[in-house]
Q: 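Okay, here's the structure, questions in a sec.
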Amino acid sequence: MRHGKKVNHLGRKTAHRKSMLANMACSLIEHKRINTTVAKAKALKSFVEPLITKSKEDTTHNRRIVMARLRQKDIVTELFRDVAVKIGDRPGGYTRIIKLGNRLGDNADMAMIELVDYNEVYNPGKTKKTKTTRRSRRGGSASKPVVAPAPTSKEEE
C-alpha cells in the first residue's frame, strides 16, 4: 500500500536526491529545456514550480528561500531577472513534460521538461484568443451574418 507516500525517492538517499533536483532545476532554468527520465521530470516539476512562483515577487526573503534550494547565485539571478518577467502573468503551470519514448541502452522512459513560455513551436507569436461564445454546429442564423436586402427604387417611394 502507498499510504502517505507523496515523494518519489528516485532510488537515492535524501541528500543525493536534493542535490540532484537542485542541479536539474539549475540546468532547466539555464537551458530552458532538458531531457531526463519521466520519473525525474515529474519530481523536478514539483521541485521547480514553487521556486518559479516565488520568483514572481522579487523580495530579499524570496531570493534567500530560492537560493537555499538552488545553491547557484547566477541561476537565482537569471530566475528573478529573466524568467520571472516572462512568466509574470501566468497563474501556474510553468513547465511542460513531453514524453520522448524509450532510451536505447536500458529502455527507460525518457521525457523532455521545458519552461512553457520559452517554446516558440507551441507559442508562435503569443497570439491570444479573443473570447468567443459557443455556437451551434448546425447552420442557422447564429453562424451566418444577417444582411438586410438593399431597398429597390419602388420601395423608396
Side-chain angles (χ1 to χ4, degrees), residues 1-138 142-143:
M1 286 185 274
R2 59 168 310 280
H3 295 306
K5 182 181 179 228
K6 293 187 178 165
V7 177
N8 187 355
H9 297 290
L10 300 172
R12 290 160 173 82
K13 303 267 172 96
T14 304
H16 185 189
R17 186 173 59 253
K18 285 183 180 177
S19 294
M20 183 190 65
L21 289 173
N23 290 333
M24 288 174 65
C26 290
S27 296
L28 178 65
I29 292 167
E30 182 180 1
H31 300 292
K32 310 305 185 244
R33 73 175 55 140
I34 57 173
N35 290 340
T36 183
T37 62
V38 173
K40 287 181 190 173
K42 288 179 180 179
L44 179 62
K45 184 172 187 151
S46 65
F47 180 85
V48 79
E49 289 209 356
L51 300 181
I52 296 173
T53 301
K54 291 233 182 282
S55 73
K56 289 167 121 179
E57 185 181 353
D58 192 2
T59 62
T60 305
H61 182 62
N62 284 345
R63 279 186 181 261
R64 286 179 176 166
I65 290 171
V66 172
M67 184 66 191
R69 302 288 298 270
L70 292 183
R71 301 181 220 136
Q72 290 187 21
K73 190 175 184 180
D74 54 338
I75 299 298
V76 173
T77 304
E78 182 178 350
L79 175 65
F80 276 84
R81 184 178 296 144
D82 301 332
V83 177
V85 171
K86 194 148 187 177
I87 54 100
D89 57 341
R90 182 176 287 276
Y94 312 113
T95 58
R96 175 187 296 129
I97 296 175
I98 300 171
K99 295 184 179 176
L100 299 176
N102 294 346
R103 187 161 49 198
L104 196 59
D106 60 354
N107 209 31
D109 287 334
M110 296 299 289
M112 177 175 63
I113 182 167
E114 64 183 3
L115 295 175
V116 171
D117 290 325
Y118 284 91
N119 189 336
E120 285 77 26
V121 175
Y122 283 108
N123 307 333
K126 290 284 241 179
T127 57
K128 289 193 174 188
K129 290 177 64 177
T130 58
K131 191 169 185 178
T132 58
T133 58
R134 304 260 328 226
R135 301 285 184 169
S136 172
R137 291 191 70 180
R138 57 175 225 259
S143 63

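If you read the sequence from its start, that first residue is 1, and numbering goes on from there. In this text the structure is predicted, and so the values were computed from the model without any measurement. The figures here come from the full heavy-atom set of this structure, side chains too, leaving out hydrogens, waters and symmetry mates.
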Q: Side chains of Arg17 and Val7: closer than 4.5 Å at any heavy-atom pair?
A: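 Heavy-atom side-chain distance check passes, below 4.5 Å.
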Q: side-chain contact (heavy atoms from CB on, under 4.5 Å), that's the test. Do Thr36 and Met110 meet it? Break it down for me.
A: CA-CA 6 Å; Thr36 183; Met110 296 299 289; 5.6 Å; no
Q: Counting C-beta onward and ignoring hydrogens, is there a side-chain heavy-atom pair between Tyr118 and Lys86 closer than 4.5 Å?
A: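 Yes, side chains in contact.
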Q: Does any non-hydrogen side-chain atom of Arg71 lie less than 4.5 Å from one of Cys26?
A: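 No - every pair of side-chain heavy atoms lies 4.5 Å or more apart.
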Q: For Asp117 and Arg90, work out which heavy atoms get closest and say how close.
A: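 Minimum heavy-atom separation between Asp117 and Arg90: OD1-NH2, 2.9 Å.
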Q: A side-chain contact here means heavy atoms from C-beta on lying under 4.5 Å apart; do Ile29 and Leu70 qualify?
A: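 Ile29 vs Leu70: side chains touch.
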Q: Flag yes if more than 12 heavy atoms outside Arg12 fall under 6.0 Å of its CZ atom; otherwise flag no.
A: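 More than 12 heavy atoms, drawn from other residues, nucleotides or ligands, come within 6.0 Å of this atom.
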Q: From Leu10 CG over to His16 NE2, what is the distance, rounded to the nearest 0.5 angstrom?
A: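 One finds 9.5 Å between CG of Leu10 and NE2 of His16.
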Q: side-chain contact (heavy atoms from CB on, under 4.5 Å) between Ile52 and Leu79: does it pass, once the steps are laid out?
A: CA-CA 7 Å; Ile52 296 173; Leu79 175 65; 4.1 Å; yes
Q: Looking at every non-hydrogen atom in both residues, tell me the closest pair between Arg96 and Asn119 and how far apart they are.
A: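 For Arg96 and Asn119, the tightest heavy-atom pair comes out as NH1-ND2, 3.7 Å.
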Q: Is Lys42 atom NZ crowded by more than 12 heavy atoms from other residues, nucleotides or ligands, each under 6.0 Å away?
A: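 At most 12 heavy atoms, drawn from other residues, nucleotides or ligands, come within 6.0 Å of this atom.
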Q: How long is the span from the CD1 atom in Ile65 to the OG1 atom in Thr59, to the nearest 0.5 Å?
A: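 So the gap between those two atoms works out to 7.5 Å.
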Q: So which atom in Ile34 and which in Met24 form the shortest heavy-atom distance, rounded to 0.1 Å?
A: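 Looks like CD1-O, 3.7 Å.
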Q: I'd like to check the side-chain hydrogen bond (donor to acceptor under 3.5 Å, both in side chains) partners of Lys56; sequence neighbours left out, ordered by chain and number.
A: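 For Lys56 the side-chain hydrogen bond (donor to acceptor under 3.5 Å, both in side chains) partners, ignoring immediate neighbours, are Tyr94.
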Q: Is there side-chain contact between Asp74 and Glu30, with at least one heavy-atom pair below 4.5 Å?
A: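 Side-chain contact under 4.5 Å: no.
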Q: What are the two closest heavy atoms between Lys45 and Pro50, and how far apart are they?
A: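 Smallest interatomic distance, heavy atoms only, reads O-CD, 4.4 Å.
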Q: Work out which heavy atom in Ala111 is nearest to a heavy atom in Val38; give both atom names and the distance.
A: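 Nearest heavy atoms, Ala111 then Val38: CB-CG2, 3.8 Å.
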Q: As an exercise, state the distance from CD of Glu78 to CD of Gln72, rounded to the nearest 0.5 Å.
A: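 Here the interatomic distance stands at 10.5 Å.
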Q: How long is the straight-line distance from CG of Leu21 back to OG of Ser46, given to the nearest 0.5 Å?
A: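 Result: 7.5 Å between the selected atoms.
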Q: Roughly how far apart are Arg81 CZ and Asp58 CG, rounded to 0.5 Å?
A: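 Rounded to the nearest 0.5 Å, the CZ-CG separation comes out at 9.5 Å.
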Q: Which atoms form the tightest heavy-atom contact between Thr95 and Leu115, and what is the distance?
A: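 Looks like CG2-CD2, 3.9 Å.
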Q: So, Asn62 side chain and Lys54 main chain: donor-acceptor pair closer than 3.5 Å or not?
A: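 Yes.
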Q: With side-chain contact (heavy atoms from CB on, under 4.5 Å) as the criterion, how do Lys99 and Asp109 come out once you've worked through the C-alpha distance, each side chain's angles and the decisive distance to 0.1 Å?
A: CA-CA 8 Å; Lys99 295 184 179 176; Asp109 287 334; over 6 Å; no
Q: Considering only heavy atoms from C-beta outward, does the side chain of Met67 approach that of Lys73 to under 4.5 Å?
A: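 The answer is yes; the side chains approach within 4.5 Å.
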